[in-house]
Protein chains: 2
Amino acid sequence: MRKYRVVADQLLDEIAQGKYKDEDRLPTEDKLMAEHNVSRNTLRSAIDVLVDKSILYRVQGSGIYIRKPVYPDTITINSIRGFKEEFKNKETHSEVIELEQLPADKEISQKLQCEIGTPVYFVHRMRYIENEPFSIEYSYFNKTIIPYLGREIANNSIYSYIENDLNLSIGFADKYISVEKLSKMDSSHLQLKEADPSLVIEETVYLTNGTLFNHSRVIHNYKHAKFFALAKNW
Amino acid sequence: MRKYRVVADQLLDEIAQGKYKDEDRLPTEDKLMAEHNVSRNTLRSAIDVLVDKSILYRVQGSGIYIRKPVYPDTITINSIRGFKEEFKNKETHSEVIELEQLPADKEISQKLQCEIGTPVYFVHRMRYIENEPFSIEYSYFNKTIIPYLGREIANNSIYSYIENDLNLSIGFADKYISVEKLSKMDSSHLQLKEADPSLVIEETVYLTNGTLFNHSRVIHNYKHAKFFALAKNW
DNA sequence: TTGGATTTGTGCGTATGTATA
DNA sequence: CTATACATACGCACAAATCCA
């Protein structure tokens, strides 16, 4: 693994274990460089990772400080794998309501930026946490990029299949967040009432090489949907 | 201004003017270095800025590409100043419902991480876009850090007052996003019905030196609240 | 209050690794 | 397989913000 990632992981471990909790502050860059045997740039790349993750913040002339931890049971919206990762200390499972292969119609082709008629997989899934309905997912995958998708995969994690089995590298995603009143069908799936609130995230997901491979619309149970985002003052 | 920021701004301008729209791709790093007379590190810092803003993405071995533009009329959740900035092509205004100075009670002191009794400003504002109610803001400012706040400021932009007049540097913010049913009072302010959906953002805002100075709870009209976030696969 | 020491931020140069074309 | 282009890593110098005597 890249050196700066190793250092980032080590620092993350140390922070998690409370090594710096008295000070809420890391040693100086010079000390960390010596400790981890890396150059200044490499160390700073490692710190960058943790700053992006909102674990640390830096103050010029002063030091590198540890942030207050994010509230538990919230999904970090700037991260791609929300569900299983964020709730790994809880029981989570998925239920595939529908999975089929079909040719892209006009709407789907626009969302997946592909030709009309391109074969795509459509997945309709429910997500549960501790057996409580958490979200409904309507998802399309471009079959040109994801050549196969089956129920056994969708019951587990599609993303870990894509990364570990297909050996593709997921890069980034656009997410649009809005609020809607639930349709009758969605409300029954979520065990809520029609016209109850829901938090809707539409996301477009790309490989690291910029290829668009997935578009999803995820409808969240308003009672459980709590998201976190870090904002910067550009 | 810092060199890498100048380069970032120049590139942003060029992109906005469609200079690269045929290719959707920037010249190589080597060419950009020569063009802007900067070192590789400086150029890469400039590109980093635009990648963070989801303007560009990089593909190792291939090039630097221009992203599809974000939908208009959405608020970038990873940016701190949402309202006036994102809707600067529209008429926006604020209406101060309440502005008072008071000592922090237990709840406020926890949210502002200060002692009970610390003087704080409380601001209750409505935000309008094209004269449509957009959001309700309940905001607390630590008076130790923000020594004065008046109605004439709150009618305008509190943040520009803090940065330009008080000369403080706003750094970063934590945002928690959730969905709630509207209370009777909030619904009337938003000209909606009681129990209608709303998107709620609780944010804690820090100066660049890590000082917590503001906590806000902002309740958005579900008909207009559209947010955007860029997610990375860490 | 000032000024020096400390600490992070910016910028330059160079070499090598790795993914893509 | 080779060339191209971005990614990582090293070292150095100076700027700017903060801290402290």
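Note on naming: letters A, B, ... go to the chains in the order of the sequence lines (proteins, then strands), and numbering restarts at 1 for each one.
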Exercise. Would the A:Phe227 and B:Tyr176 ring centres measure less than 6.0 Å apart?
Worked result: no
Exercise. What nucleotide among D:dA17, D:dC10, D:dT18 has an atom nearest to a side-chain atom of B:Asn209?
Worked result: D:dT18
For this session: Establish, for the pair B:Arg67 and A:Tyr206, whether the NZ or CZ atom is under 6.0 angstrom from the six-membered ring centre and no further than 45 degrees off its axis.
Result: yes
Exercise. Nearest-Å distance, CD (A:Glu29) to C1' (D:dA17)?
Worked result: 13 Å
For this session: Rounded to the nearest angstrom, tell me the gap between atom CE in B:Met33 and atom P in C:dG13.
Result: 8 Å
Problem set entry | Nearest-nucleotide 5' precedence on DNA chain D, B:Gly63 against B:Thr208 | B:Gly63
Problem set entry | Phosphate OP1/OP2 of C:dT8: any A:Arg44 side-chain N/O under 4.0 Å | no
Problem set entry | Nearest-Å distance for atom pair CD/P, residues A:Gln60 and C:dG9 | 6 Å
Exercise. Counting side-chain heavy atoms from C-beta on, which of D:dA7, D:dC19, C:dT10 comes nearest to A:Ser62?
Worked result: D:dC19
Exercise. Is a salt bridge present between A:Glu29 and A:Arg40, judged by a nitrogen-to-oxygen distance below 4.0 Å?
Worked result: yes
For this session: Please determine if A:Lys226 and A:Asp73 form a salt bridge, counting it only when a charged side-chain N lies under 4.0 Å from a carboxylate O.
Result: no
Problem set entry | Phosphate OP1/OP2 of D:dA15: any B:Lys3 side-chain N/O under 4.0 Å | no
Exercise. Do the side-chain N or O atoms of B:Ser45 get closer than 4.0 angstrom to the phosphate oxygens (OP1, OP2) of C:dT10?
Worked result: no
For this session: Could you work out which one of C:dG11, D:dC10, C:dC12 sits closest to the side chain of B:Tyr4?
Result: C:dG11
Exercise. Quick one: is C:dT14 close enough that its OP1 or OP2 comes under 4.0 Å of any side-chain N or O from B:Arg40?
Worked result: no
Exercise. Are B:Arg2 and C:dG9 close enough that a side-chain N or O sits under 4.0 Å from OP1 or OP2?
Worked result: no
Exercise. Can you check the A:Tyr65 OH to C:dT8 P distance for me, whole Å?
Worked result: 8 Å
For this session: Tell me whether the OP1 or OP2 atom of C:dC12 has a side-chain N or O from B:Ser39 closer than 4.0 Å.
Result: yes
Exercise. Taking the six-membered ring for Trp, are the ring centroids of B:His215 and B:Phe141 within less than 6.0 Å of each other?
Worked result: no
